[in-house]
Amino acid sequence: MRIWNCILSAIFLITTVMSVRAATNEFDFNNFTITDSGNTDLNTASVSLNDGAKPITVNNFDIAGIMLGMSFDDVETLFFKTKGLYSPREKDSIIYSIQKDWKYNLDYECRQQGIYAPADLDQCIKTLARDRGLLYAAELHLLRENTGETIVVYFTSNASDNVVWRVLYNNDVNEIEGDHEKFADQREKKILAFWQAVLDKYGAPNSGTDKWISTTNAYDPVMTAYYGSLDLVDNGLYASDMAKNVQQARENFQSKPYAF
């Protein structure tokens, strides 16, 4: 009976490994854009509440149904598997990324295997990142063709469960079609209509004239409105994700087995 259980366990393990490999091998590098994770320039300028204003639960805000902290899978389901106002853009709707610290680790590991040619080295790094869960969906690009609106959704790495940390919305209300005064007039009216819609949905800003803040800590969720743009962001979530990757990459760096 013990031998039979061992055989069953071995079969299960082999089947599991084969299924994992099959799933990861479905990712065709030629069909997706993979970028290095950059050091995003976070806007962490100090924020303050207006006189008499109270904090707002910005975590409850949504832009086209997308909220901070939503998983990539949930957002993907929302826009790829259902028909709504927004659709994924035709090319590179999803941008994948590898955190820089992990990429440096994998670069070292591949070169220790004697892989130096740039194309081969790049392929080695991407393959290892894919197989180890270090390759993640970093951006999702959406558009609404009939109005020219766009949304870019930014996600944390898998170290932080690949969730939304920023939603950036843009439209064309600030654009002027020509020099005639009618275009300037139309622009002003579009801006007023946009701002009224923003106030109707989110209420009045509680920090200055253009910010909705959770607390006076800029690392907590904040939404900022511009002419034709909304920026919903959780700087703290992004900073925490970056710190996790730095720490984990240091702990898992495969250095040579020095002995002394």
Side-chain angles (χ1 to χ4, degrees), residues 38-72 74-75 78-79 84-86 138-144 147-157 160-176 181 183-244:
N39 293 320
T40 301
D41 186 16
L42 298 179
N43 181 8
T44 55
S46 61
V47 291
S48 60
L49 286 166
N50 294 334
D51 291 340
K54 296 180 179 180
I56 296 174
T57 311
V58 179
N59 265 336
N60 292 339
F61 283 11
D62 78 275
I63 295 178
I66 308 166
M67 301 176 70
L68 296 172
M70 283 182 68
S71 70
F72 170 77
D74 287 343
V75 178
L78 188 62
F79 294 100
L85 294 176
Y86 286 84
E139 299 176 18
L140 174 61
H141 292 258
L142 305 165
L143 57 85
R144 191 178 175 202
T147 59
E149 294 167 284
T150 63
I151 295 175
V152 184
V153 190
Y154 297 87
F155 299 88
T156 63
S157 72
S160 301
D161 301 322
N162 202 202
V163 298
V164 177
W165 72 271
R166 185 184 186 188
V167 187
L168 183 60
Y169 162 89
N170 280 289
N171 62 34
D172 63 354
V173 302
N174 199 36
E175 297 177 7
I176 298 180
E181 68 174 274
F183 296 120
D185 179 81
Q186 291 166 4
R187 171 182 173 272
E188 293 301 319
K189 290 173 180 174
K190 287 190 295 182
I191 289 174
L192 287 173
F194 168 67
W195 273 97
Q196 187 59 58
V198 169
L199 294 175
D200 290 343
K201 180 169 183 176
Y202 304 108
N206 64 344
S207 180
T209 60
D210 59 0
K211 279 185 173 56
W212 293 255
I213 64 174
S214 308
T215 70
T216 54
N217 184 345
Y219 282 91
D220 288 331
V222 174
M223 188 176 79
T224 306
Y226 308 92
Y227 286 168
S229 179
L230 295 171
D231 192 1
L232 178 61
V233 61
D234 186 341
N235 289 322
L237 182 56
Y238 175 80
S240 173
D241 181 56
M242 293 293 290
K244 285 181 181 179

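FYI, side chains are in, hydrogens and waters are out, and symmetry mates aren't considered; it's all heavy atoms of this structure.
- Partners of Tyr219 by side chain to side chain donor-acceptor pair (under 3.5 Å), not counting sequence neighbours: none found.
- Using a 30° and 60° split on the angle between ring planes, Phe194 and Tyr169 fall in the parallel class, below 30°.
- Considering NZ of Lys190 and CZ of Phe183, their distance stands at 10.0 Å, rounded to 0.5 Å.
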Compile the donor-acceptor pairs under 3.5 Å between side chains in residues 56-71 and protein atoms, sequence neighbours left out, one pair per line.
from  : atom 1 : to     : atom 2 : distance (Å)
Asp62 : OD2    : Gly65  : N      : 2.8
Asp62 : OD2    : Lys201 : NZ     : 3.3
Ser71 : OG     : Asp74  : N      : 3.1
Ser71 : OG     : Asp74  : OD2    : 3.2

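- Within the 3.5 Å criterion, the main-chain N or O of Ser157 finds no donor-acceptor partner in the side chain of Asn162.
- For the salt bridge (charged side-chain N to carboxylate O under 4.0 Å, His left out) condition, no pair includes a residue of residues 234-243, sequence neighbours left out.
- Here Glu149 contributes atom CD and Asp172 contributes atom CG; the two are 8.0 Å apart, rounded to the nearest 0.5 Å.
- With a 4.5 Å cut-off on side-chain heavy atoms, Thr156 and Asp161 do not count as touching.
- The nearest pair of heavy atoms linking Ala218 to Ala45 is CB-O, 3.4 Å.
- Under the salt bridge (charged side-chain N to carboxylate O under 4.0 Å, His left out) criterion, no residue pair touches residues 208-229, with sequence neighbours excluded.
- When the options Trp165, Phe72, Tyr238 are evaluated for a ring pair (Phe, Tyr, Trp, His ring centres under 6.0 Å) with Phe155, the one that passes is Phe72.
- Two residues are said to be in side-chain contact when any heavy atoms from C-beta on lie closer than 4.5 Å; Val152 and Thr150 fail this criterion.
- Residues Pro205 and Leu199 have side chains in contact (heavy-atom distance under 4.5 Å, counting atoms from C-beta outward).
- Applying the side chain to side chain donor-acceptor pair (under 3.5 Å) rule to Asn170 yields the partners Ser229; only residues at least two apart in sequence or on another chain are considered.
- Under the salt bridge (Lys or Arg N to Asp or Glu O under 4.0 Å) criterion, Arg166 pairs with Asp231, not counting sequence neighbours.
- From Tyr86, atom OH reaches atom CG of Leu78 across 12.0 Å, with rounding to the nearest 0.5 Å.
- Using a 4.5 Å heavy-atom cutoff, the side chains of Val222 and Thr224 are in contact.
- Looking at every heavy atom in both residues, Ser207 comes nearest to Ser48 through OG-O, 2.7 Å.
- Here the side chains of Lys54 and Leu49 are not in contact, with every heavy-atom distance at 4.5 Å or above.
- A donor-acceptor pair under 3.5 Å is formed between the side chain of Trp212 and the backbone N or O of Gly203.
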